[in-house]
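A short write-up of the structure that comes next.
Computed from heavy atoms alone, side chains included, the values below leave out hydrogens, waters and symmetry copies. Residue numbering restarts at 1 for every chain, and letters A, B, ... go by the order of the sequence lines.
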Amino acid sequence: MKRTEVSTVLEEAKIGEEILVKGWVKSFRANRFIALNDGSCFKTLQVVVDFENYPEELIKRISFHSCVSIKGELVASQGSGQKVELQAKEIEILGDSDAGAYVLQPKKMTQEYLREKAHFRMRTNTFSAVFRLRHAIAFAINKYFNDHGYYYMHTPIITGSDAEGAGEMFHVTTFKPDTAPKDEAGNVDYKQDFFGKETNLTVSGQLQAEMGALALGKVYTFGPTFRAENSNTSRHLAEFWMIEPEVAFCDIHGDMDLAEDFSKYLIKYCLDNYPDDLAFLEKRILDSEKQMPKEQRRPLPLIESLKFVIDNDFERITYSDAVNLLRNSKPYKKGRFEFEVEWGKDLQAEHERWLVEKKFKKPVIVRDYPKGIKAFYMRQNDDDKTVAAMDVLFPGIGEVIGGSQREERHDKLLKRMEEMDIPEHELWWYLELRKFGGCPHAGFGMGFERMVQFITGMTNIRDVIPFPRAKGSAEF
RNA sequence: GCCUCUUUAGCUCAGCUGGUUAGAGCGCCGGACUGUUAAUCCGUAGGUCCUAGGUUCGAGUCCUAGAAGGGGCGCCA
């Protein structure tokens, strides 16, 4: 007999049908009711066991998270919690789980504790919901771009240039530290290394994606990226996934339009297709906020805040306007900001939070940043002071997207690289893209895990990736 | 990298200005009950109080150092 998944049972199976289900026991009440979950959906199937008909030895093995295979008949439920239930006829234990020795318990456990039990944490309601949604968002990303005529481009994980300018890199080598061959000057001789040169793990696929955009028109990358930054926050990982669309014949305004439309699509996809998981996560957050002071609680419940984002236009302002707004703000005048607001300096998290959470109360796109605080490849504006860069700021998590129109003018790009000490010989190919058939183009990078954080409401980024990699932590 | 908080039973925590045998809820185990929805009721077991030093007649409690974890900041996605 073929197994039926719980999601199928609840959606399609008819009363009176004989079915076989397999899954994990979420609870076993009164020696009679198994709540069975197989991961196919958030819901559980109630299985009714007439314990009088089974050996006590078998009944005892039905315990928290033991794995069972049950054949039975689907019947209308006598209880009020569910419409249908499975009347068990044959029960087989596929995997025992000794409740006394098992590290999970059918009760609330802290996220910090579960993080240490990452091999089991996906079995909990919270993490199974989070990881179903993580999948949903990944799928929606590919669907959105495919439906809009973009090509999925795989950029390299190992890169030969360290000029991408997005932060500290992880070195890739086959040398052992103590036996690495040295050159005459006593430095490590990377000519003898696997690739014949120094290599690193990528911090961004953008520069390579630009090659694709100038050939295929619209491309996107979606893959892991690596930063060896010593940043210890709930929004940073050493290994994270990034989405980077790159579009030919697109300026900064088209870039912002794409960022907004794309973000809304991902949120809407989850609302439309995963209501049970979102409802559970929302309830979980509301419960945990009950003992918190009001100002620490979310302004809106999870689902409402997601709907609010897709129903409203993102606020779009220039960096200069943002600085003026901040300098006229109440916290600025009362000296409540820790950091100075001054044209030319980057906006700090406290400033961004004021703009998003206090001033506009919705996502904000800030554009035209001073060129001194942005990367070499961003297109210089006519004022000679700013570049066509934009950041999308979300409530709660800050910067979700950073993007720009790229500098397509060879002379301007070269000059900027010289000013910023970017070695020309490492990016010769990037410069040649401007020499032969170049065109205005733009793109952005979205932090995948930050988007998953926003949609699931999880406060720590380590809880939205199955195996977090962060400073001092690479377990599992 | 900086600042700050935490570490007591399997889990979540309480433990006052240092004082005698370190507690609760849940979980586990045993029993009762059996149409439950975090089932209920009764009972048992379970603790190098993170580690190492120190102060003291006496340290879970105070001091110093270290370890692990959380939160905030910086850097960014």
Open item on the list: Please report the distance, rounded to the nearest Å, between CG in A:Asp287 and P in B:rU12.
Closed with: 18 Å

- [ ] Would you indicate, yes or no, if B:rG69 has its OP1 or OP2 atom less than 4.0 angstrom from a side-chain nitrogen or oxygen of A:Gln111?
- [x] no

TODO: Return the value, rounded to whole Å, for the distance between atom CG of A:Asn125 and atom C1' of B:rA38.
DONE: 11 Å

Open item on the list: Classify the ring geometry of A:Phe170 against A:Phe226: parallel below 30°, tilted from 30° to 60°, perpendicular beyond 60°.
Closed with: perpendicular

Task: Per A:Gln87 side chain, nearest of listed nucleotides B:rG27, B:rU37, B:rG35 - done: B:rG35

Open item on the list: With a 4.0 Å limit, can you tell me whether A:Arg235 has a side-chain N or O closer than that to the phosphate oxygens OP1/OP2 of B:rG72?
Closed with: no

TODO: Would you mind telling me which of B:rG25, B:rU37, B:rG69 lies closest to the side-chain atoms of A:Glu112?
DONE: B:rG69

Open item on the list: Can a side-chain donor-acceptor contact be found between A:Arg29 and A:Ser27 if the only test is distance below 3.5 angstrom?
Closed with: yes

TODO: Answer with base, sugar-phosphate or nothing: what part of the nucleic acid does A:Glu85 contact at a heavy-atom distance below 4.0 Å?
DONE: base

- [ ] Any strand is fair game: report the nucleotide pairing with B:rC62 by Watson-Crick or G-U wobble, both distances under 3.5 Å, or none.
- [x] B:rG54

TODO: First locate atom CD1 of A:Ile137, then atom CZ of A:Arg132, and finally report the distance between them rounded to the nearest 0.5 Å.
DONE: 13.0 Å

Open item on the list: So, does A:Asn230 get its side chain near the phosphate of B:rG1, meaning an N or O under 4.0 Å from OP1 or OP2?
Closed with: yes

Open item on the list: Applying the Watson-Crick and G-U wobble criteria at under 3.5 Å, what pairs with B:rU40? Answer none if nothing qualifies.
Closed with: B:rA32

TODO: Counting Watson-Crick and G-U wobble pairs only, both distances under 3.5 Å, name the nucleotide matched with B:rG1, or none.
DONE: B:rC73

Open item on the list: By the 4.0 Å heavy-atom rule, please label A:Thr110 as base, sugar-phosphate, or nothing.
Closed with: sugar-phosphate

- [ ] Ignoring backbone atoms, establish whether A:Asn232 has a side-chain N or O less than 4.0 Å from OP1 or OP2 of B:rG69.
- [x] no

Open item on the list: Over all strands shown, is A:Glu350 touching base, sugar-phosphate only, or nothing at heavy-atom distances under 4.0 angstrom?
Closed with: nothing

- [ ] Remember a base hit wins even if backbone is also touched, and classify A:Val400 as base, sugar-phosphate or nothing at under 4.0 Å, heavy atoms.
- [x] sugar-phosphate

Task: P atoms of B:rC41 and B:rU37, separation to the nearest Å - done: 12 Å

TODO: Respond yes when some side-chain nitrogen or oxygen of A:Arg353 is under 4.0 Å from OP1 or OP2 of B:rC73, and no when none is.
DONE: yes

Task: Sugar-phosphate only, base, or nothing, as touched by A:Lys374 at under 4.0 Å among non-hydrogen atoms - done: nothing

Open item on the list: Ring centres within less than 5.5 Å and planes less than 30° apart: is that true of A:Phe33 and B:rG35 in this structure?
Closed with: no

Open item on the list: Just the rounded figure in Å: distance from P of B:rG35 to CZ of A:Phe28.
Closed with: 14 Å

Open item on the list: What contact category does A:Lys60 fall into here, base, sugar-phosphate, or nothing, at under 4.0 angstrom with non-hydrogen atoms?
Closed with: sugar-phosphate

Open item on the list: Can you tell me which nucleotide in B:rC75, B:rG25, B:rG72 comes closest to the side chain of A:Ser234?
Closed with: B:rG72

TODO: Among B:rC11, B:rC75, B:rC73, find the nucleotide with the atom closest to the side chain of A:Glu338.
DONE: B:rC73

Open item on the list: Need one value for A:Ile401: base, sugar-phosphate or nothing, where a base atom within 4.0 Å counts as base even if backbone is also close, heavy atoms only.
Closed with: sugar-phosphate

Task: B:rA22 to B:rC29 separation - C1' atoms, rounded to the nearest Å - done: 23 Å

Open item on the list: Taking only side-chain N and O atoms of A:Lys345, does any of them lie within less than 4.0 angstrom of OP1 or OP2 on B:rG74?
Closed with: no

Open item on the list: Among B:rU34, B:rG27, B:rA77, which nucleotide has an atom closest to any side-chain atom of A:Lys107?
Closed with: B:rG27

- [ ] Taking atom P in both B:rA45 and B:rU4, compute the distance separating them and give it to the nearest angstrom.
- [x] 45 Å

Task: Minimum-distance nucleotide to A:Gln105 side chain [options: B:rG27, B:rG1, B:rC29] - done: B:rG27

Open item on the list: Quick check: on RNA chain B, is the nucleotide nearest A:Asn460 upstream (toward 5') of the one nearest A:Gly447, or the reverse? Name the residue that is more 5'.
Closed with: A:Asn460

Open item on the list: For a quick check of understanding: with a heavy-atom distance under 4.0 Å over all strands, which category does A:Gly79 fall into, base, sugar-phosphate or nothing?
Closed with: base

TODO: In whole angstrom, give the distance that lies between atom NZ of A:Lys26 and atom C1' of B:rU36.
DONE: 18 Å

Task: Most 5' of A:Gln82 and A:Ser231 on RNA chain B, judged by nearest nucleotide - done: A:Gln82

Task: Nucleotide B:rG27, atom P - distance to CE of A:Met109 in whole Å - done: 13 Å

TODO: Choose from B:rG35, B:rC28, B:rA77 the nucleotide whose nearest atom is closest to any side-chain atom of A:His236.
DONE: B:rA77

Open item on the list: Can you check the distance between B:rC26 and B:rC73, where both ends of the measurement are the P atom (answer in whole Å)?
Closed with: 38 Å

- [ ] If B:rU20 has a Watson-Crick or G-U wobble mate with both distances under 3.5 Å, name it; if not, just say none.
- [x] none

Task: Atom C1', compared across B:rU48 and B:rA52: separation rounded to whole Å - done: 13 Å

Task: Nucleotide B:rU7, atom C1' - distance to OH of A:Tyr113 in whole Å - done: 15 Å

TODO: Pick the P atom in B:rG66 and in B:rG71, then give their distance to the nearest Å.
DONE: 23 Å

Task: B:rU8 to B:rC49 separation - P atoms, rounded to the nearest Å - done: 11 Å

Task: Candidate nucleotides B:rG69, B:rC73, B:rU36, ranked by approach to the side chain of A:Arg29 - the nearest - done: B:rU36

Open item on the list: Side chain of A:Pro106, heavy atoms from C-beta onward: which of B:rG35, B:rG27, B:rA39 has the nearest atom to it?
Closed with: B:rG27

Open item on the list: Taking A:Glu18 first and then A:Lys71, would you say they form a salt bridge - that is, a charged N and a carboxylate O separated by under 4.0 Å?
Closed with: no

TODO: Please determine, for B:rU7, whether a Watson-Crick or G-U wobble partner exists with both distances under 3.5 Å, and give it or none.
DONE: B:rA67

Open item on the list: Using the rule side-chain contact (heavy atoms from CB on, under 4.5 Å), only one of A:Arg469, A:Glu449, A:Arg450 pairs with A:Leu237; which is it?
Closed with: A:Glu449

Task: A:Lys22/A:Asp38 salt bridge by N-O under 4.0 Å criterion - done: no

Task: Residues that A:His65 engages under ring-ring contact (aromatic ring centres under 6.0 Å, His included), provided they are two or more places apart - done: A:Tyr102

Open item on the list: Can you identify which nucleotide, out of B:rU36, B:rG70, B:rG35, has its nearest atom closest to the A:Arg32 side chain?
Closed with: B:rG35

TODO: Look at the side chain of A:Asp50 and the backbone N and O of A:Glu52, then say whether any donor-acceptor pair between them is shorter than 3.5 Å.
DONE: no

- [ ] Remember a base hit wins even if backbone is also touched, and classify A:Phe51 as base, sugar-phosphate or nothing at under 4.0 Å, heavy atoms.
- [x] base

Task: Spacing of the P atoms in B:rG54 and B:rC11 (rounded, Å) - done: 30 Å

Task: Within 6.0 angstrom of A:Lys362 NZ, more than 12 heavy atoms from elsewhere - done: yes

Open item on the list: Measure CZ/A:Phe64 against P/B:rG27 and give the value in whole Å, please.
Closed with: 12 Å

Open item on the list: At 4.0 Å (heavy atoms only), tell me whether A:Ala349 reaches a base, stays on the sugar-phosphate, or touches nothing.
Closed with: sugar-phosphate

Open item on the list: Output the rounded distance in Å from CD (A:Glu475) to P (B:rG69).
Closed with: 10 Å

Task: Lys/Arg N to Asp/Glu carboxylate O, A:Arg61 vs A:Glu57, below 4.0 Å - done: no

